[in-house]
Novice: 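What follows is a structure written as C-alpha cells; I'll ask about it next.
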Amino acid sequence: MTAAQQIVDGLNAPQREAVEAIEGPLLIVAGPGSGKTRVITHRIAYLVRVVGISPYRILAVTFTNKAAREMKERLQHLVGERADRLSVSTFHSFCAGVLRRDGKHMGLESTFTIYDDEDQMNVVKQAMEQVDLDPKRYPPRAVQGVISRAKSLLMDSHALRQGHQSFFEERAASVYQRYEELLARNNGVDFDDLLLKTVQLFRDHDDVLASYHRRYIHVMIDEFQDTNVAQYALAKLLAGGHRNICVVGDADQSIYSWRHADIRNILSFQKDYPEARTVTLAQNYRSTAPILNAAKGLISANRMRLDKELWTSQSEGHPVVVHELYNEEEEAQFVLGEVDRLGKEDGFRAGDCAVMYRVNAQSRVLEEACLRYGVKYRLVGGVRFYQRREVKDVTSYLRLIHNPDDEVSLSRVINVPARGIGQRSLEEVRRWAQGQGLPMYQALLKMAEGGGADPLLSARVTRLVSGFVDLLLGLTEESRRLDVVDLIDAVLERTGYQAYLQHRYEDSEERWENVRELRNAAQEFRELEPPEGLGLLLERQALVADVDSYEESPDAVTLITLHQAKGLEFPVVFMVGMEEGLLPHFRSRDNDQELEEERRLCYVGMTRSKERLYLLRSFRRGFMGGNAPSGPSRFLYEIPRDLTASPAPAPTPQRSSWGMWEPPAPSPRPKPDVDGLKTGQKVRHATFGEGIVVSCAPSGDDYEVTVAFDGAGVKRLLLSYAKLDRLG
C-alpha cells in the first residue's frame, strides 16, 4: 500500500476530498462529530508524506492548548519524528513566539511578561487613577472590556478616541492610552496585545512578514468560526504569500461572541477567497440518530448559518429524555439517581457522564448533591491552578527575575513574605520613582545604591528595600546558570516562603502541595539551557486555559459549563436549566443575533452526547428569582416531539409534565419611563447591581439603555424589561 493509500484509507469521500485538496484556499464545513481533527491531521500527513512538503513549512493553528497537544500526538503517529518540526499551536502561543523573536521591531523586549486577567485589572485601575477617572462611575471591568474589544478590532487608543460611539467609550479611550503606556513601561502585554501587536508587526514590517512567507507554504486554521477580526487578519497576512489557506469550522458552533469572535469570518470566507473550494463534512460519527436529529431540529431555526444535511449511520438509539423537576435540588437529585441507575443497568461509569449548564452559579447545587450522596465529581472551571494565591506568589517572583520591569509582579511580592515594606511605603517609593522618571525596579536599584532616596522614607524602609533588591539581584544572577526547577528551589529557600505559608494559613499543607505541583510542572523545561526554560514555563502558565487541564476520570462525574464543553464528548450528557431566562439567557431575549448564539450554545451541548441525552428544567429555580415559577426554554419546543421521551417515574415529586406546557404568551409591556434617564445617571439593576448609563436610544416602541455595571461589564437592556432604579 502506497503512502497516499495509507493516509486516505478509512476516510469517507468528503474527508478524502479535503485531504487531497492541497492547492489554494479551502473551506471545510465540519459538522459536530464529523472527524474534522482526523481530516486536518491526515491532510498534514498527506502534504508531508505524499506531496513532499517539509513539516517546517506547515502551520496549524487551533484554539486550545489541549486541542493543539492532541493534534500533535496524532501527527506523531502519522509522520513520526518529523512531527516535531511542525508548527502546531494556539493563536496566542504562535503570536507570543513571533513577538519573542521579532518584537524588538515594536520596541518590545524578548523577556516581556504576559499579563493575565487579574494583572490587567490592576494596570487598568492604575491607569484610571492616573487619568482621574472615578471607578464608582466607570467600573474598571467595563473599561477593560471596551479596551479588549477595541484591540480585537485592531483599534489602538487613537482609533478608539476617533471612532468612539458613546461618552463612556471616549473616557475609556483616555484610560486605554495610559494603560498602553504602563504596559510598555513594564515590558508587558495582555492577551489581546499578542494578536494586535503581531498584526501590527506584519503590516508595518514587510521584511518580517516576508520571512514568515518564506517559511510557511501552508496555513491551516481550526475552529475558524471562533476567530475574531484580529485573528482573521493574522491568518490572511500569513497566507498572503502562497494563498494556501485551509480553514475548518462550523457556523452552527460559533458561541464566543462575548470573546469578540465574529461569525461573519466563516460566513464571508468565500467572498474573501472567491477561488476557494468548499468541502462539507456531514456524516456524524459521535451521536446516535435521535440525538443528532433533535439537534438538527433545533439549529434549523437559525438564519445565520451554512446549511448542511447532517446524518449518521447509527440509526438506533434512545430518545432524548425531556424532564421537569420542581426545583434545582430535585434536578440535581434526579441527575445523580440516573447516573447510579445507568451504572447498574447499562454499565456506564460515572466518568462517562457530564452535567452541563449555562452559568457557573448552577454548579453549587450540583456540587452539594455530589458531596451529600458521596458521588465523586470533577469541576471544570473552578479556581485555576495558576490563579491560586500561593502559585501566583511564586510565579510573580519568577516573572520578576525574568522581567525586572514587571511592576505588577514587583508590587505583589515586595512584601511577601512580610519585610516591613507596607502599602504606604510602597506608594511613597512609587511616587518617588515617577518623580525620577524611572520604572519601579530601576528606582529601587537607585535607592539601594544610595542614589538620593526620598527623605520622607525612613532609613529603615530604605534598608529593607535594599535587602529586597539584593535578594532579586542574587536570584537573577542564579537564573543564568540554574535550570528552572533549581531556580524555583532557590526562590523558595531564599524567600522563606514555606515557613510563611505555615504561619499564615491554616490550610498551609494544601497550599504547599500546590507550590510543589508548580515545581513539578517545571520539570518539563528542566533540560533547557537557562534562562530559556524559565521563559517557556512562564509563557505556558500565562496561556493555559481551564479546559487544557481536563483529563477523563473513570469514576468522577464531570460538571462543566456549556461554553467549556465545546470540543469534548461524553457517552451521557445531562443539560440542566432548560428554562427561559437561563437558556436562552435573559440578556439575549431582545436581540436576534444573541438569541441565535444561545441556540448554537444549546446545539453544541446536545451534540457533545454520544448515546444518552437528558434535557432537564426546574419549575422553580432559586437564584433565578426566588419562588417565581420559571417557564420552559423555547428551545424545547423546537425539538421534534417524536424524538423525545419522559423518564420512568422518578422518586421526586412531579409538579407537571413538559408535554402539558405551551410556549408562554408574551406579557404586555408597560410603557417605559425615560424621564431623567440620561448619560451619567447612576442606576441599580436587580441582577447586575449598580452602574452608570452610557446611552439611551429609542428602539421600536421601547428604549435601549446601555449601562456600564460595576463588576458585570457593559450591558444593553430594553428599558421596559430592565426595571432600573434611578440612584442619586
Novice: Considering residues at least two apart in sequence or located in another chain, which fulfil the salt bridge (charged side-chain N to carboxylate O under 4.0 Å, His left out) criterion with Asp192?
Specialist: none
Novice: State whether Arg364 and Glu367 are salt-bridged, where the test is any N-O pair (Lys NZ or Arg NE/NH1/NH2 against Asp/Glu carboxylate O) under 4.0 Å.
Specialist: no
Novice: Answer whether the closest heavy-atom distance between the side chains of Pro439 and Asn186 falls below 4.5 Å.
Specialist: no
Novice: Who are the side-chain contact (heavy atoms from CB on, under 4.5 Å) partners of Asp193, not counting sequence neighbours?
Specialist: Lys151, Glu180, Leu183, Val189, Asp190, Leu196, Lys197
Novice: For a side chain to side chain contact (heavy atoms under 4.5 Å, CB included) with Arg149, tell me which candidate from Val146, Ile147, Leu153 qualifies.
Specialist: Leu153
Novice: Both conditions, 6.0 Å and 45 degrees, for the charged tip of Arg599 above the ring of Phe635: are they met here?
Specialist: no
Novice: Out of the candidates Glu579, Glu580, Glu598, only one should pair with Arg358 under the salt bridge (charged side-chain N to carboxylate O under 4.0 Å, His left out) rule; please name it.
Specialist: Glu598
Novice: Can you say whether the rings of Phe586 and His685 are parallel (under 30°), tilted (30 to 60°) or perpendicular (over 60°)?
Specialist: parallel
Novice: Does Asp393 pair with Arg388 as a salt bridge, N-O distance under 4.0 Å?
Specialist: no
Novice: Can you tell me which residue among Leu583, Thr561, Ile560, Leu568 is in a side chain to side chain contact (heavy atoms under 4.5 Å, CB included) with Met356?
Specialist: Ile560
Novice: Only counting residues at least two apart or in another chain, list the ones meeting salt bridge (charged side-chain N to carboxylate O under 4.0 Å, His left out) with Arg185.
Specialist: Glu407
Novice: Can you check side-chain contact (heavy atoms from CB on, under 4.5 Å) on Tyr326 and Ser618, steps first, answer last?
Specialist: CA-CA 5 Å; Tyr326 181 64; Ser618 295; over 6 Å; no
Novice: Using a 6.0 Å cut-off, check whether atom CD of Gln593 has over 12 heavy atoms from anything other than its own residue.
Specialist: no
Novice: Please lay out, stage by stage, how His323 and Tyr614 fare under the test ring pair (Phe, Tyr, Trp, His ring centres under 6.0 Å).
Specialist: CA-CA 8 Å; His323 192 41; Tyr614 293 76; 9.0 Å; no
Novice: List the atom of Phe191, the atom of Asp117, and the distance in Å for their closest heavy-atom pair.
Specialist: CE1-N, 4.5 Å
Novice: Not counting sequence neighbours, which residues clear side-chain hydrogen bond (donor to acceptor under 3.5 Å, both in side chains) with Glu596? List them please.
Specialist: none
Novice: Does this structure show an ion pair linking Arg161 with Glu169, if we count only N-O contacts that are shorter than 4.0 Å?
Specialist: no
Novice: List for me each residue that meets salt bridge (charged side-chain N to carboxylate O under 4.0 Å, His left out) alongside Glu427, sequence neighbours excluded, and say none if there are none.
Specialist: Arg430
Novice: Pair up each side-chain donor or acceptor in residues 124-137 with any protein partner under 3.5 Å, not counting sequence neighbours, and list the distances.
Specialist:
| from | atom 1 | to | atom 2 | distance (Å) |
| --- | --- | --- | --- | --- |
| Gln130 | OE1 | Arg178 | NE | 2.3 |
| Gln130 | OE1 | Arg178 | NH2 | 2.6 |
| Asp134 | OD1 | Lys136 | N | 3.0 |

Novice: Has the side chain of Asn265 got a donor or acceptor atom that lies under 3.5 Å from a matching backbone atom of Asn228?
Specialist: yes
